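These values consider heavy atoms only, across backbone and side chains, with no hydrogens, waters or symmetry-generated copies. Convention: sequence-line order gives letters A, B, ...; per-chain numbering from 1. Note that this is a predicted model, so its numbers are computed, not measured.
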Protein chains: 2
Amino acid sequence: MRIGQLARRSGVSVRALRYYEEQRLLESTRTPGGQRDYPDEALERVQLIQDLFAAGLSSRTVVELLPCVSTGVATLAMLDQLIIERDRIAARIQDLTRAKTKLGRVIENVTAANVAQD
Amino acid sequence: MRIGQLARRSGVSVRALRYYEEQRLLESTRTPGGQRDYPDEALERVQLIQDLFAAGLSSRTVVELLPCVSTGVATLAMLDQLIIERDRIAARIQDLTRAKTKLGRVIENVTAANVAQD
DNA sequence: CCTGAACCTGACGTCAACGTGAGGTACGAG
DNA sequence: CTCGTACCTCACGTTGACGTCAGGTTCAGG
């Protein structure tokens, strides 16, 4: 599979895929002409990378954790890092939940105010 | 209250407070000498700004929504925007929850692998 | 009056995850 | 062989929320 097709299938840009390779998040073989060639598994890999980015992990963290996330084999340092990241995500969820609740209350109040005004 | 004290109380940097003013998120009166002077309510205001930033709102969005968040009076456009942001936060929470679950499973697996290896 | 801490205004630097050309090469169809 | 599209490698631009440095001013205490 070439880069354009992988981009369309995964929904990320061609530029992003090259960036992932530059950051050692994604590998590719090359055709004799120098074009990137990806195996089918690359699609899942890209989706995994996207998930981790969406979770707020940096590319540096992702490159450290990708091996154990895909293989299931980890050093103790990796395990620590995994736990740190999971807890960070949990804390972030708490923050967002608080903010959502706060906004929800504001919405209720201003809605009531508008109804009263109309 | 001067800027340094507000910074210490709120936990944000002096630079950040000046930035908030620049973005019209926060007002201040000035002493005859030109130094910023904040009322006590500024502390809550700063904390509110931080909460909204933490929720992923941009300063442009915050400056649009701050009036109705603090006064409870909103236009219909503001209400729409509020709902959009709340839903965006809810979607983000979903994403993070999925990512956390995924990491949690990875943690369980690699832990088991380590125990088995030792 | 003097001094050190806190404050002021520019204005350039940072960082991450790409976007966006520029200028050239590879590939598949006809 | 030629055309059009997809691909290649630099390499600079973007965005947001500040950090940081420079050069000068204000304030409170002694």
Side-chain angles (χ1 to χ4, degrees), chain A residues 1-39 42 45-66 81 85 88-89 92 95-96 99, chain B residues 1-39 42 45-66 81 85 88-89 92 95-96 99:
Chain A
M1 180 177 12
R2 286 193 300 173
I3 198 169
Q5 192 171 8
L6 180 57
R8 277 188 302 276
R9 283 195 189 169
S10 61
V12 312
S13 70
V14 168
R15 177 67 175 92
L17 293 177
R18 295 206 188 101
Y19 174 74
Y20 294 167
E21 182 166 325
E22 189 183 320
Q23 300 296 310
R24 308 197 160 280
L25 299 175
L26 184 64
E27 294 173 19
S28 67
T29 57
R30 297 298 181 110
T31 67
Q35 301 197 352
R36 288 175 179 81
D37 190 28
Y38 297 96
R45 180 102 172 179
V46 171
Q47 285 164 347
L48 177 57
I49 292 170
Q50 285 286 301
D51 284 350
L52 294 176
F53 275 160
L57 307 206
S58 70
S59 82
R60 206 179 68 85
T61 307
V62 172
V63 78
E64 286 169 9
L65 295 183
L66 259 183
Q81 186 70 14
E85 294 301 333
R88 214 181 39 69
I89 293 172
R92 184 107 183 88
D95 285 354
L96 288 179
Chain B
M1 177 176 20
R2 286 193 301 172
I3 198 169
Q5 192 171 7
L6 180 56
R8 279 189 301 276
R9 284 194 190 171
S10 62
V12 312
S13 70
V14 167
R15 177 67 176 94
L17 294 176
R18 295 205 188 102
Y19 175 74
Y20 294 168
E21 183 166 325
E22 189 183 321
Q23 301 296 309
R24 306 196 162 280
L25 299 175
L26 184 64
E27 294 173 19
S28 68
T29 57
R30 298 299 181 108
T31 67
Q35 301 198 350
R36 289 174 179 81
D37 190 27
Y38 297 96
R45 178 101 173 180
V46 171
Q47 285 164 347
L48 176 57
I49 292 170
Q50 285 285 300
D51 284 350
L52 294 177
F53 275 162
L57 307 207
S58 70
S59 84
R60 205 179 69 85
T61 306
V62 173
V63 79
E64 286 169 8
L65 295 184
L66 259 183
Q81 186 71 14
E85 294 301 333
R88 213 182 39 69
I89 293 172
R92 184 106 183 90
D95 284 355
L96 288 179

Short side-chain N/O contact from B:Tyr20 to OP1 or OP2 of D:dC18, under 4.0 Å: yes
Sidechain-backbone polar pair: B:Arg92 side chain, A:Ala54 backbone, donor-acceptor under 3.5 Å: yes
Rounded distance (Å) that lies between atom P of C:dA17 and atom CZ of A:Phe53: 5 Å
A:Ile49 CD1 to C:dA17 P, straight-line distance once rounded to whole Å: 11 Å
Spacing between B:Gln50 atom CD and D:dC18 atom C1', to the nearest angstrom: 11 Å
Given D:dC18, C:dC8, D:dC8, the nucleotide with the shortest approach to the side chain of B:Gln35: C:dC8
side-chain N/O A:Arg15 vs C:dT20 OP1/OP2, d < 4.0 Å: no
Sugar-phosphate only, base, or nothing, as touched by B:Arg30 at under 4.0 Å among non-hydrogen atoms: sugar-phosphate
Protein-nucleotide distance (B:Glu21, atom CD; D:dA17, atom P), rounded to Å: 17 Å
Touch class at under 4.0 angstrom, heavy-atom based, for B:Leu57 against every strand present: sugar-phosphate
B:Tyr19 side chain near D:dC18 phosphate (N/O to OP1/OP2, under 4.0 Å): no
B:Ser59 vs B:Gly34, nearer the 5' end of DNA chain D by closest nucleotide: B:Ser59
Between P of D:dA17 and CG of B:Leu52, the distance in whole Å: 12 Å
Sugar-phosphate only, base, or nothing, as touched by A:Arg36 at under 4.0 Å among non-hydrogen atoms: sugar-phosphate
A:Arg2, nearest nucleotide to its side chain (from D:dA6, D:dC27, C:dC18): D:dA6
Nearest-Å distance for atom pair CD1/P, residues A:Ile3 and C:dA26: 17 Å
B:Arg18 side chain near C:dC8 phosphate (N/O to OP1/OP2, under 4.0 Å): yes
Distance below 4.0 Å between A:Thr31 side-chain N/O and C:dC27 OP1 or OP2: yes
d(CD, A:Gln5; P, C:dG28) in whole Å: 13 Å
Side-chain N,O (A:Ser13) to OP1/OP2 (C:dG19) below 4.0 Å: yes
Backbone N/O of B:Arg30 and side chain of B:Asp37: donor-acceptor pair under 3.5 Å: no
Rounded distance (nearest 0.5 Å) linking atom OG of B:Ser28 with atom CD of B:Gln35: 11.0 Å
Rounded distance in Å - CG (A:Asp37) to P (C:dC27): 11 Å
Electrostatic pair B:Glu22:B:Arg18 at N-O distance under 4.0 angstrom: no
Residue of the set B:Arg45, B:Gln50, B:Arg15, B:Glu27 for which side-chain hydrogen bond (donor to acceptor under 3.5 Å, both in side chains) holds with B:Tyr20: B:Gln50
